[in-house]
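The structure appears right after this line, and notes come after that.
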Amino acid sequence: MQKSMHKKRCIVPSKQWYTALLTTISQAFQLKKNPLPWGRVIGAGICSGIPVLLGLLAGNLPYGMLAGIGSFTYLYVFNIPYAQRAKRLLFVMLGFAFSVGLGTLVAPHPLAAAITVGWIGAVATFIFGAYKVAGPAAIFFVLGFSLATGMPIDQSAAPLRAGLVLLGGALAWVMGMSGWLRNPHGPETTAMKKVYLELAKFMDSVGSAEAQEERQKLVLLLKSAEETLYAGHVSWQQSGEYLRLHSLNDQANAIFLDILAHMDQSKDRLPTHLGRSVRAIASALGEKKKGSSKRRSSEKSHMSKAR
């Protein structure tokens with residue numbers, strides 16, 4: 001009897017281990033339903049192709065290829081305020097140039113190169129994780145260092161190679177910041193538009209089974225919008241557009257608190273015109289500046305209806 005019980009105890013863990021292994025393998029080959037960032041992919045391709053093309057036309061393709069390494073800076077372009085994006089891209093392209101220059105210097109010493117590549121990967125991963133920076137993290141810093149160690153050994157070429165990578169990064173910086181000329185507060189506007197669209201969905205779901213789920217989504221978006229507005233704050237300059245977006249964020253939080261107070265007192269659904277008013281605010285946020293005065297007046301009227 002004891003032997004049979006012992007066999008059963010041995011069989012159960014093995015089945016659990018087998019099931020966990022199958023689950024892990026299936027998750028490894030599972031495709032996530034995330035939209036492909038076509039804009040960033042195409043932009044990175046253009047940034048990488050321009051230096052290579054210029055090097056080819058100038059009759060010095062290796063220099064163009066080196067500058068193309070720095071152009072991978074564009075892969076770190078995300079929908080964040082331009083004030084924060086400028087600093088992030090600057091540090092990324094400086095990191096690329098440092099990695100290539102350091103790889104050129106330690107290329108004659110294989111052991112030092114092996115230790116250094118691990119150090120670069122560890123430091124870059126720590127920084128990206130500690131500051132919650134989105135992007136490919138350490139992979140391209142390690143790639144740049146590894147490519148430099150595989151080039152012809154010439155320690156005196158370290159400044160030249162690092163400079164060429166820096167030029168490619170500067171091109172990516174300019175392309176990544178080009179949207180500022182057209183819409184200086186585009187990322188903040190996009191964040192607030194998402195908030196008001198989700199706020200309208202939450203209003204429509206009040207009194208239904210989906211209310212709690214929409215509430216959680218809205219809380220996350222409100223937090224994200226708050227962080228985006230804070231990141232876009234420039235102490236020496238506050239435009240009227242930024243102050244308007246900040247005011248809209250305060251109004252969205254106030255409306256959300258009013259809805260929560262309503263849900264505590266009643267389980268009735270909200271009037272449908274409230275959701276339509278909030279959606280009208282979201283659509284007004286996407287309009288161009290030529291109708292800015294008309295847009296502000298429409299926002300105020302819809303805001304009064306929502307409140």
Okay, side chain of [X], backbone of [Y]: is any donor-acceptor separation there less than 3.5 Å?
X: Y196; Y: L248; value: yes
X: R88; Y: Y76; value: no
X: R40; Y: Y74; value: no
X: S247; Y: L243; value: no
X: T149; Y: S146; value: yes
X: S71; Y: C47; value: yes
X: H262; Y: D268; value: yes
X: Y82; Y: G232; value: no

Heavy-atom side-chain contact between [X] and [Y] under 4.5 Å:
X: I127; Y: V133; result: no
X: Q84; Y: P187; result: no
X: I259; Y: L199; result: yes

How long is the span from the [atom1] atom in [X] to the [atom2] atom in [Y], to the nearest 0.5 Å?
X: M177; Y: L90; atom1: CE; atom2: CG; answer: 10.5 Å
X: T73; Y: L94; atom1: OG1; atom2: CG; answer: 9.0 Å
X: I46; Y: I50; atom1: CD1; atom2: CD1; answer: 6.5 Å
X: L143; Y: I69; atom1: CG; atom2: CD1; answer: 7.0 Å
X: I255; Y: M203; atom1: CD1; atom2: CE; answer: 5.0 Å
X: N60; Y: L66; atom1: CG; atom2: CG; answer: 9.0 Å

Could you tell me which non-hydrogen atom of [X] sits nearest to which non-hydrogen atom of [Y], and how far apart they are?
X: P152; Y: R161; result: O-NH2, 2.9 Å
X: G176; Y: R85; result: O-NH1, 2.9 Å
X: G207; Y: A211; result: N-CB, 4.5 Å
X: A44; Y: L75; result: CB-CD2, 3.5 Å
X: M192; Y: A225; result: SD-CB, 4.0 Å

Answer yes or no: does atom [atom1] of [X] have more than 12 heavy-atom neighbours from other residues, nucleotides or ligands under 6.0 Å?
X: L61; atom1: CG; value: yes
X: K267; atom1: NZ; value: no
X: Y63; atom1: OH; value: no
X: M65; atom1: CE; value: no

Set of side-chain contact (heavy atoms from CB on, under 4.5 Å) partners for F256, sequence neighbours left out: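 Residues passing side-chain contact (heavy atoms from CB on, under 4.5 Å) with F256: F202, R215, L218, V219, L222, L260.
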Qualifying side chain to side chain donor-acceptor pair (under 3.5 Å) pairs with a residue from residues 222-231, counting only residues at least two apart or across chains: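 Residue pairs with at least one partner in residues 222-231: E226-N249.
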I need the single residue from E214, E210, R279 that forms a side chain to side chain contact (heavy atoms under 4.5 Å, CB included) with D204. Which is it?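 Exactly one pass, corresponding to R279.
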Kindly determine whether D154 and T104 satisfy side-chain contact (heavy atoms from CB on, under 4.5 Å), including the steps that lead there. CA-CA 7 Å; D154 184 6; T104 304; 5.7 Å; no
Residues clustered with I115, ILVMFWY side-chain links under 4.5 angstrom: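 Via sub-4.5 Å side-chain contacts, I115 links to L111.
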Show your working on side-chain contact (heavy atoms from CB on, under 4.5 Å) between L245 and L285 and close with a plain yes or no. CA-CA 9 Å; L245 292 170; L285 284 171; 4.1 Å; yes
Is there a continuous path of hydrophobic side-chain contacts, each under 4.5 Å between heavy atoms, that joins [X] to [Y]?
X: F96; Y: L105; result: no
X: W173; Y: V52; result: no
X: L89; Y: F91; result: no

